[in-house]
Amino acid sequence: MRGAETKLPMFPPGLNTRPATDSDLEDVIGLFRLAERIDRGEAETTREDTESGWQMTDFDMRRQTLMVWSGADLVAYAEFYNWRAEATVHPDHRGRGIGSALLRWTEAATLLRQPLDEEARTGQTIVDANKGAAAMFKRAGYSPRHFSWALRLPTDADMTDRTVPAGYSIRRFDPNTESHAVYRVIEDAFNEWPNRTPTTYANWRAMITDRGDFDPSLLYVALHGDEIVGVAVGLPYPEEGWVQQLAVQRDHRRRGLAKALLGATFGEMRRRGFPELGLSTDSRTGALDLYL
């Protein structure tokens with residue numbers, strides 16, 4: 001059944017639906033940022049965040065996105081990739097059943113494209129403050145799978161005491177020769193998480209090094225001899241320096257490499273004057289105590 005069309009659920013009267021196209025990018029970003037200001041108190045989604053996902057080699061916008069319109073106004077958007085969905089409803093249009101209809105669509109569309117040898121599952125990350133979304137998912141039979149945290153470094157935190165362990169070195173990476181080695185360290189480490197779907201090299205590049213805001217001077221590598229054994233990927237958001245990915249090979253952990261990589265990346269961001277520095281982690285990684 002892979003590649004078949006997904007039957008659309010019933011949406012409230014007066015609404016129209018269609019897949020997104022590249023020309024809809026600004027509308028989708030605007031909707032997410034508006035919802036984030038209501039749900040989180042600040043807008044976080046950038047053009048590069050959304051665009052990089054749309055540029056993944058196996059992301060089919062015609063089958064994996066859905067826009068909901070009221071006349072010329074975009075009132076909701078949903079997309080899915082592998083088992084994970086992302087969706088939002090305009091704050092002025094919540095409580096009408098649009099979110100429930102999007103939930104049914106993401107479930108049907110995700111399961112339709114899921115490989116037969118994978119666990120049948122679908123999910124979405126929501127913020128704690130969005131009580132309505134949490135209640136909707138609970139009514140539909142969803143339960144928490146893992147918890148995520150966004151963390152920010154205090155402005156007075158000392159970044160100088162991040163000693164590189166003996167036998168190792170840390171430097172900026174070479175985008176001309178080291179992209180695949182960096183990807184491999186990250187992918188091997190992240191694949192230790194339970195139920196994770198692997199990321200291809202092409203899709204990792206779309207999400208990281210091919211982003212319009214990617215700055216290779218904010219990606220640091222840890223070396224043991226000539227081998228890359230640790231990576232910190234920094235991204236320059238408009239008001240914040242952000243560590244997007246941090247990974248150390250299993251055989252080289254518990255030696256201080258992660259702290260040293262964070263020190264190098266955050267230290268450079270601080271020298272450039274970013275007003276805030278941050279990263280995120282979740283309960284699958286076991287890294288919360290390190291960051292705290």
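Predicted model only: the values in this text are computed from it and were never measured.
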Report task. Treat each ILVMFWY residue as a node, draw an edge where side-chain heavy atoms are under 4.5 Å apart, and state whether Tyr183 and Val233 are in one component. Result -> yes
Requested in this report: Ignoring hydrogens and angles, state whether a donor on the side chain of Gln124 or Thr106 is under 3.5 Å from an acceptor on the partner side chain.
Outcome: no
Query raised in the report: Would Trp105 and Thr110 count as a side-chain contact (heavy atoms from CB on, under 4.5 Å) if you check the C-alpha gap in whole Å, the side-chain angles of each, and the deciding distance to 0.1 Å?
Result: CA-CA 8 Å; Trp105 176 78; Thr110 302; over 6 Å; no
Report task. Could you tell me whether the side chain of Ser280 reaches within less than 4.5 Å of the side chain of Leu151, counting heavy atoms only? Result -> no
Report task. Find the distance between CG (Leu257) and CG (Leu223) and round it off to the nearest 0.5 Å. Result -> 10.0 Å
Query raised in the report: Counting heavy atoms not belonging to Arg254, are there more than 12 under 6.0 Å from its CZ?
Result: no
**Report entry** Residue pair Thr125 / Arg84, side-chain donor-acceptor N/O under 3.5 Å
**Finding:** yes
Query raised in the report: Under 3.5 Å, is there a donor-acceptor pair between the Asn203 and Tyr81 side chains?
Result: yes
**Report entry** Sub-4.5 Å side-chain heavy-atom contact between Tyr291 and Leu153
**Finding:** no
Query raised in the report: For Leu31 and Ile29, what are the C-alpha separation, side-chain angles and deciding distance, and is it a side-chain contact (heavy atoms from CB on, under 4.5 Å)?
Result: CA-CA 5 Å; Leu31 176 62; Ile29 295 168; over 6 Å; no
Query raised in the report: Are side-chain heavy atoms of Glu178 and Ile228 found at a separation under 4.5 Å?
Result: yes
Query raised in the report: What is the distance from atom OG1 of Thr265 to atom CG of Leu235, rounded to the nearest 0.5 Å?
Result: 10.5 Å
Query raised in the report: With a 4.5 Å heavy-atom cut-off, do Pro236 and Phe274 have their side chains touching?
Result: yes
Query - Any donor-acceptor N or O pair under 3.5 Å, side chains Arg196, Thr199 - result: yes
Query raised in the report: What distance separates Asp210 CG from Glu51 CD, expressed to the nearest 0.5 Å?
Result: 11.0 Å
Query - Between Glu79 and Trp54, a side-chain donor and acceptor under 3.5 Å - result: yes
Query raised in the report: What are the two closest non-hydrogen atoms of Leu261 and Ala222, and how far apart are they?
Result: CD2-N, 3.8 Å
Requested in this report: Please work out which of the three classes, parallel, tilted or perpendicular, describes the rings of His224 and His252, given edges at 30° and 60°.
Outcome: tilted
Query raised in the report: With under 30° as parallel and over 60° as perpendicular, where do the rings of His146 and Trp83 fit, or are they tilted in between?
Result: perpendicular
Query raised in the report: Quick one: do the Asp73 and Ser70 side chains pair a donor with an acceptor below 3.5 Å?
Result: no
Query raised in the report: Using a distance-only test with no angle check, is there a side-chain donor-acceptor pair under 3.5 angstrom linking Arg184 and Tyr201?
Result: no
Query raised in the report: Just checking, is any N or O donor in the side chain of Ser217 or Arg272 under 3.5 Å from an acceptor N or O on the other one?
Result: yes
Query raised in the report: Cut-off 3.5 Å, side chains only: do Trp204 and Gln245 have a donor facing an acceptor?
Result: yes
Query raised in the report: Is a side-chain donor or acceptor of Glu268 paired with a backbone partner of Ala264 at a separation under 3.5 angstrom?
Result: no
Query raised in the report: Sub-3.5 Å donor-acceptor pair from the side chain of Arg172 to the main-chain atoms of Tyr220, do we have one?
Result: no
Report task. Return the minimal non-hydrogen interatomic distance between Ala35 and Pro91, and the atom names on each side. Result -> CA-CG, 4.3 Å
Query raised in the report: Is Leu277 linked to Val243 within one hydrophobic cluster, defined over Ile, Leu, Val, Met, Phe, Trp and Tyr using a side-chain heavy-atom separation of less than 4.5 Å?
Result: yes
Query raised in the report: Checking Thr281 side chain against Leu288 main chain: does a donor-acceptor pair fall under 3.5 Å?
Result: no
Report task. Check whether any side-chain N or O of Asn130 sits under 3.5 Å from a backbone N or O of Ala133 as a donor-acceptor pair, and report yes or no. Result -> yes
Query raised in the report: Are Glu240 and Arg152 close enough for a salt bridge, meaning some N to O gap below 4.0 Å?
Result: yes
Query raised in the report: Within the side chain of Gln64, is there an N or O that forms a donor-acceptor pair under 3.5 Å with the backbone of Asp60?
Result: yes
Query raised in the report: Is there a side-chain contact between Leu246 and Val231 (heavy atoms, below 4.5 Å)?
Result: no
Requested in this report: Treat each ILVMFWY residue as a node, draw an edge where side-chain heavy atoms are under 4.5 Å apart, and state whether Leu103 and Phe32 are in one component.
Outcome: no
Query - Side-chain donor/acceptor of Asp188 to backbone N/O of Val185, under 3.5 Å - result: no
Query raised in the report: Would a distance-only check, ignoring hydrogens and angles, find a side-chain to backbone donor-acceptor pair under 3.5 Å from Thr50 to Arg47?
Result: no
Query raised in the report: What pair of heavy atoms forms the shortest contact from Ala258 to Leu290, and how long is it?
Result: CB-CD2, 3.8 Å
Requested in this report: For residues Met136 and Ser100, determine if any side-chain heavy atom of one lies less than 4.5 Å from a side-chain heavy atom of the other.
Outcome: yes
Report summary line: Nearest heavy-atom contact between Pro144 and Phe147 is CB-CZ, 3.8 Å
Report task. Using a strict cut-off of less than 4.0 Å between a Lys/Arg side-chain nitrogen and an Asp/Glu carboxylate oxygen, indicate whether Glu192 and Arg250 qualify as a salt bridge. Result -> yes
Query raised in the report: According to the interplanar angle, ranging from 0 to 90°, do the rings of His90 and His93 count as parallel (below 30°), tilted (30 to 60°) or perpendicular (above 60°)?
Result: perpendicular
Query raised in the report: Taking the side chain from Thr285 and the backbone from Asp282, do they hold a donor-acceptor pair closer than 3.5 Å?
Result: yes
Query raised in the report: Taking C-beta and beyond as the side chain, do Glu276 and Glu239 meet within less than 4.5 Å on heavy atoms?
Result: no
Report task. Assess whether side-chain contact (heavy atoms from CB on, under 4.5 Å) is satisfied between Ser143 and Phe137, documenting all intermediate values. Result -> CA-CA 8 Å; Ser143 59; Phe137 280 107; over 6 Å; no
**Report entry** Whether Asp24 side chain and Ala20 backbone form a donor-acceptor pair below 3.5 Å
**Finding:** no
Requested in this report: Find the distance between CG (Asn191) and CD1 (Ile186) and round it off to the nearest 0.5 Å.
Outcome: 11.5 Å
Requested in this report: Report yes if some heavy atom in the side chain of Arg96 is under 4.5 Å from a heavy atom in the side chain of Leu15; otherwise report no.
Outcome: yes
Report task. Look only at the side chain of Glu36 and the backbone of Thr45, and say whether a donor-acceptor pair between them is shorter than 3.5 Å. Result -> yes
Query - Leu102 vs Val89, side-chain contact (heavy atoms from CB on, under 4.5 Å): CA-CA, chis, key distance, verdict - result: CA-CA 9 Å; Leu102 287 178; Val89 178; 4.2 Å; yes
Query - Atom of Asp27, atom of Leu74 and distance for their closest heavy-atom approach - result: O-CD2, 3.6 Å
Query - Arg94/Asp39 under salt bridge (charged side-chain N to carboxylate O under 4.0 Å, His left out): CA gap, chis, key distance, verdict - result: CA-CA 12 Å; Arg94 294 175 180 176; Asp39 297 332; 3.0 Å; yes
Query raised in the report: Do you know which two heavy atoms are closest between Thr209 and Phe214, and how far apart they sit?
Result: O-CD2, 3.5 Å
Requested in this report: Hey, could you give me the OG1/CZ distance between Thr57 and Arg205, rounded to the nearest 0.5 Å?
Outcome: 12.5 Å
Query raised in the report: Cut-off 3.5 Å, side chains only: do Tyr142 and Glu107 have a donor facing an acceptor?
Result: yes
Report summary line: dist His180:NE2 -> Glu187:CD (nearest 0.5 Å) comes out at 10.0 Å
Query raised in the report: In the single-linkage hydrophobic clustering (I, L, V, M, F, W, Y; side-chain heavy atoms under 4.5 Å), do Trp149 and Tyr237 co-cluster?
Result: no
